[in-house]
Amino acid sequence: MNGPTLTRRILKARAKRTIARFSRPCIAAACLLLAFTVLARAFSVYAGGALYYLMLDIRQFPMETGLWRADPTLMTTLMSMLGLERLGDLGGMVFALSDAVSGLVIVLPVAWRQLINLVVIQGIVFLVTVPLQYGVLTQFRSILEGRPAPFRSVLRWYLDLHLTGKALAVQVLLTLWQWAARLVCIVPGLLCLIAGSAFPNGEWMLLLSSSLSILGMLGGYYLYMLLLPARYLLAQSPGLSVRQALSRGFRLLTGRRGDYFKLNLSFLPLQVLSMVLWNIPNLYLVPYMELLLRLNVRILQISYPECQRDIYMVTSRRHELSPAAHHFREFVLTGLLDTPHS
């Protein structure tokens, strides 16, 4: 078994032991975060802050594959099929994917008024949920240190407007980067899909588009992951600026990007299972993922090149250290120690 695989197994075992020992604060934080997330999604859908697609008979909507501008009449007609006719009065854009073989056309209507609503509503959702996310991350850090903070501490990032602003800035930049990476990486698969739908005998291009789309999604997630440690660094050190959190998070993965990507990808089966089971498994999955990723970022900080480390760590037990340094070394090497806390 190679080193990275062994490290992942050790970290996963450590995260599971921590959840078992501190199950109540872990589940309480996960419950609060899950409740806020569900309410935010429900609000987003109800207020029109989401995009929807339609599958129509090609005879009902004879539009070729492509991106088209829609006048207010057409857009209102399409949006009325979604129960959102009030949003179509300014017109918009329509992405259509036509398949003559099946006789169907997939239509994604995007009304200009809907885009305005989308920006406003998602801004509200971010304002409500992001400070709580960072409060939960801070709580998980305290749990890993064996000293769970009072439950009210998860609201700390709401109470300090400076912290709220930094959390929002980091999360907005991460979200924009995530969408940009996705769009760039799915372009080859999307072009093959359009070409396969537009030209006769394009079945092989449709098959190729499936493979390219999967590779594109993985590539987009890999690019997004490069900045992901910024969340944990800011939650660990709120004094960091937004730029410092992002740049340090990016540098932290130097030489370890493949391992970090595999660790994040290992959560995929559990995330799919959680979606199938109405997010109920997230009560365990959220603490497990966040504790594990937080541990991994901590190990990356410890193993960073000595001249650039935030923390210097001697892992060899042959070196004598001060009591505090010795305790932390054992904390990392053997797991959470059962030491009494006042």
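For the single chain, residues carry numbers from 1 onward in sequence order. Just so you know, these numbers come straight off a predicted model, no measurement behind them.
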Peer 1: When Ile, Leu, Val, Met, Phe, Trp and Tyr are grouped by side-chain heavy atoms lying under 4.5 Å apart, directly or through other members, which residues fall in the same group as Leu161?
Peer 2: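 Reading the cluster by chain and number, Leu161 sits alone, since nothing else belongs.
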Peer 1: Other than Leu191, which residues form its hydrophobic cluster under the rule that side-chain heavy atoms must be closer than 4.5 Å?
Peer 2: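 Direct or chained contacts put Leu191 with Val187.
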Peer 1: List the residues meeting salt bridge (charged side-chain N to carboxylate O under 4.0 Å, His left out) with Arg182, not counting sequence neighbours, and say none if there are none.
Peer 2: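 Partners of Arg182 by the salt bridge (charged side-chain N to carboxylate O under 4.0 Å, His left out) criterion come out as none, since no residue qualifies.
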Peer 1: Think Arg24 forms a cation-pi with Phe151, using NZ or CZ under 6.0 Å from the six-ring centre and within 45 degrees of its axis?
Peer 2: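 Here Arg24 fails the 6.0 Å and 45° test against Phe151.
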Peer 1: Taking the side chain as every heavy atom from C-beta outward, state whether Tyr222 and Leu265 have any atom pair closer than 4.5 Å.
Peer 2: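 SC-SC contact between Tyr222 and Leu265 ruled out.
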Peer 1: Within a strict 4.5 Å, meaning less than it, do heavy atoms of the Phe250 and Arg257 side chains meet?
Peer 2: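 Touching, per the 4.5 Å side-chain cut-off.
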Peer 1: The criterion is salt bridge (charged side-chain N to carboxylate O under 4.0 Å, His left out); which residues satisfy it with Asp71, sequence neighbours excluded?
Peer 2: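 With sequence neighbours excluded, Asp71 shows a salt bridge (charged side-chain N to carboxylate O under 4.0 Å, His left out) to no residue whatsoever.
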Peer 1: Kindly say whether Val105 contributes a backbone atom to a donor-acceptor pair with the side chain of Ser98 at under 3.5 angstrom?
Peer 2: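 Such a contact is absent between Ser98 side chain and Val105 backbone.
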Peer 1: Quick check: closest heavy atoms across Leu223 and Cys185, and the distance to 0.1 Å?
Peer 2: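 Of all heavy-atom pairs spanning Leu223 and Cys185, the closest is CD1-SG, 3.9 Å.
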Peer 1: Which value, rounded to the nearest 0.5 Å, describes the distance between Arg17 atom CZ and Lys12 atom NZ?
Peer 2: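 That separation rounds to 14.5 Å.
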Peer 1: Can you list everything that forms a side chain to side chain donor-acceptor pair (under 3.5 Å) with Gln139? Sequence neighbours excluded, please.
Peer 2: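 If we apply the side chain to side chain donor-acceptor pair (under 3.5 Å) test to Gln139, skipping adjacent residues, there are no hits.
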Peer 1: If hydrophobic residues (ILVMFWY) are linked whenever their side-chain heavy atoms come closer than 4.5 Å, directly or via other members, who joins Leu283 in its cluster?
Peer 2: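 Members besides Leu283, by chain and number: Leu34, Val38.
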